[in-house]
Engineer: 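Below: one structure in structure tokens.
Position 1 is the first residue of the sequence; numbering continues from there.
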Amino acid sequence: ASKTCGRERSREMSTLNVTLTEQKLFHALFTQVSQGSPVIDAGSAVVFLRQSGLDDTVLCKVWDLSDPNSTGVLDEKGFCTALKLISLAQNNHDVSLDGLSSPTPLPVMGDQVQALVKKLQAEAAASGQKAAASGNWLITPDEKAKYDAVFDQLGPDPDGKVSGKKARGMLMNSKLPTTTLGRIWEVSDIDQDGKLDPDEFAVAMHLVYRCLEKEEPPATLPPALVPPSKRRASAAAPPPAVAPKPGAGGSSSAAAAPATSDGSDWVVSASEKATYDSFFTSADKDNDGLVAGNEIMSIFMSSKLPKPTLAQIWNLCDISRSGKLNAEQFALAMHIITRKVKGIEVPDSLTPEMIPPSLRGTAAAAPPPVAPKAGGATSMAAAANVAPSASIPVGKDTLSTQNEKAALKDLKQQKEAELQRATQEKTRAQTELDSAKQQLQSERDAIAELEQQIQKQKSDKQTHEAEHKKVEAEVQSLKQQQQTLRKQLQDGKAQLQDLLNKLKALKAESSKAQASVDRYAQANAGVDRAVGAYSSAFQQKPW
């Protein structure tokens, strides 16, 4: 089931272009922050994301891109997107969804996360060693499919390969030194033709991500990284390691440790180890790679197993009798607890396949497990407040029940204070987030109002332009009418001048006629006078 879930997560995050180490880290961090919930609320996410040290304005942009539907929570894909965007910001890349395909180092999120990063990198190295021993290719099918998609985007040449010119942009996006990229290209170009085929390109991308995780590029390509298509047909893979059988006496104690040390036969599976590592990281408060009994007491006690049984399991896993467990010992303890909860009895001693791989070289020299007896208490027994009759010796000093209770009380008060501070921080972060959202909404409303005003101004401008065109047409018409009237006025003036000239001529003729009339009148008056004189004379004669 865990493998199926892993494939589901891999498909879900395929668009993010994340490596297998990033997938494991992001999943472990999501499990830790969400506390088993399918989503992370805004308050918890803000508290965690602020460990990146980025400015709140950048984190606000990261949140908006990771929560595009404004749900106020992050699912695993959104959480992984946020971490990838944070990595882009921390490495001076543009914070955008387009940058998700660029290779970047793992995000820096505080000492606790960095401790988990180192563990995952160590596991990746161990996985590479195991792949080399088994003859399998170190690049997983999911990673190969992802690199093939990037390869296709570069536009291969007709021979199915990409040249250095085409691959340069993608490789330079990593911002690795050019000398490092040159070494990566040199070892990846296996057939030395100056180009990379899909398998060689996958090797180059894998090495880029390894170098982003502070590893040096190899001088020669490790056998586990040589693509199967490039291996000589005569090269046979080394036979798998076989764990030896118990000795003739039938003993299965730690002294009969197997000759293999790659951990391939360890009872704790890789998926179990990844799950338990997330609990280990959260419990390892001082980040020293070890946990004491008081640090993991709550985790062990949650199994509801009897305290003597938990003390027995602790004693089995504390092989070196240091009073502390490393990550592998803790995973083994959790494995045995899980089996016990399912009804499988706790073994009296560790079988060879139970011994953590890193301790198999020293397990034979370690003192054998000590059966519980009165008079002392191990670190786990003390932390679990086991009665003296079920305690296990750890040395000269022992803890009294009263001191254990006081320590538990102090631990409880400390955890309550931490929880209260975390709750206050969560509330404050939620308040700040709500305030930021309100401010963002106000800015969006203001932008919408400005857009409406701009739209109205555009409409008014179109109306004014239409009216202006109408007025221009009317002015043009008036100008034409003015030209017509001017022409008519000129014509009228010419006609008036003709009339004036004719009138002047008539006046002259009238003056001439008047003079003639006057002359005729004068002549007529003379005639009248002559006639009158003649009539008077005629009347005076006597006839």
Side-chain angles (χ1 to χ4, degrees), residues 1-2 242-258 260 263-277 279-280 283 291-360 362-364 366-394:
S2 60
V242 180
K245 297 180 180 179
S251 172
S252 59
S253 64
T260 57
S264 59
D265 60 339
W266 196 25
V267 293
V268 181
S269 66
S271 59
E272 283 182 297
K273 180 66 164 53
T275 301
Y276 298 148
D277 277 349
F279 291 105
F280 181 86
V291 291
N294 61 338
E295 292 179 300
I296 60 171
M297 177 192 64
S298 59
I299 299 176
F300 277 27
M301 295 295 290
S302 64
S303 66
K304 307 297 183 182
L305 292 177
K307 295 175 182 178
T309 302
L310 294 176
Q312 180 187 359
I313 294 174
W314 175 279
N315 193 39
L316 280 172
C317 298
D318 185 12
I319 298 174
S320 60
R321 303 292 172 263
S322 63
K324 292 186 177 183
L325 303 180
N326 64 18
E328 289 183 334
Q329 292 170 307
F330 174 79
L332 176 61
M334 293 297 294
H335 174 80
I336 297 174
I337 288 174
T338 303
R339 286 168 58 88
K340 177 59 178 173
V341 171
K342 294 179 179 179
I344 303 174
E345 290 300 323
V346 178
D348 294 331
S349 60
L350 296 181
T351 59
E353 63 272 11
M354 284 185 174
I355 300 174
S358 64
L359 299 178
R360 292 183 179 181
T362 60
V370 181
K373 66 179 182 179
T378 62
S379 177
M380 179 59 205
N385 194 20
V386 179
S389 60
S391 60
I392 300 173
V394 294

Engineer: Are any of the side-chain heavy atoms of M334 and I299 separated by less than 4.5 Å?
Structural biologist: yes

Engineer: Hey, could you give me the CG/CG distance between L316 and D348, rounded to the nearest 0.5 Å?
Structural biologist: 8.0 Å

Engineer: Would you call S358 and N326 a side-chain contact if the rule is heavy atoms closer than 4.5 Å?
Structural biologist: yes

Engineer: In Å and rounded to the nearest 0.5 Å, what is the CG to CD1 distance from L332 to I319?
Structural biologist: 7.0 Å

Engineer: Sorted by first residue and then second, give each salt bridge (charged side-chain N to carboxylate O under 4.0 Å, His left out) pair with at least one member in residues 331-345; sequence neighbours left out.
Structural biologist: K340-E345

Engineer: Any pair with a residue in residues 315-346 that passes ring pair (Phe, Tyr, Trp, His ring centres under 6.0 Å), sequence neighbours left out, goes on the list, sorted by first then second residue, please.
Structural biologist: F280-F330

Engineer: Quick one: pull up OG in S349 and CG in N315 and give me the separation to the nearest 0.5 Å.
Structural biologist: 11.5 Å

Engineer: Keeping Q329 on the side-chain end and C317 on the backbone end, is there a donor-acceptor pair under 3.5 Å?
Structural biologist: yes

Engineer: Nearest 0.5 angstrom please: W266 CH2 to E328 CD, how far?
Structural biologist: 4.5 Å

Engineer: Got a sec, which residues hit side chain to side chain contact (heavy atoms under 4.5 Å, CB included) with S303, two or more places apart in sequence or on another chain?
Structural biologist: L305, L310, I337, V341

Engineer: Restricting to non-hydrogen atoms, name the atom on A283 and the atom on E295 that form the minimum distance, rounded to 0.1 Å.
Structural biologist: O-OE2, 3.6 Å

Engineer: Can you tell me if F279 has over 12 outside heavy atoms packed within less than 6.0 Å of its CZ?
Structural biologist: no

Engineer: Ignoring hydrogens, what is the shortest heavy-atom contact between A333 and F300? Give both atom names and the distance.
Structural biologist: CB-CZ, 3.7 Å

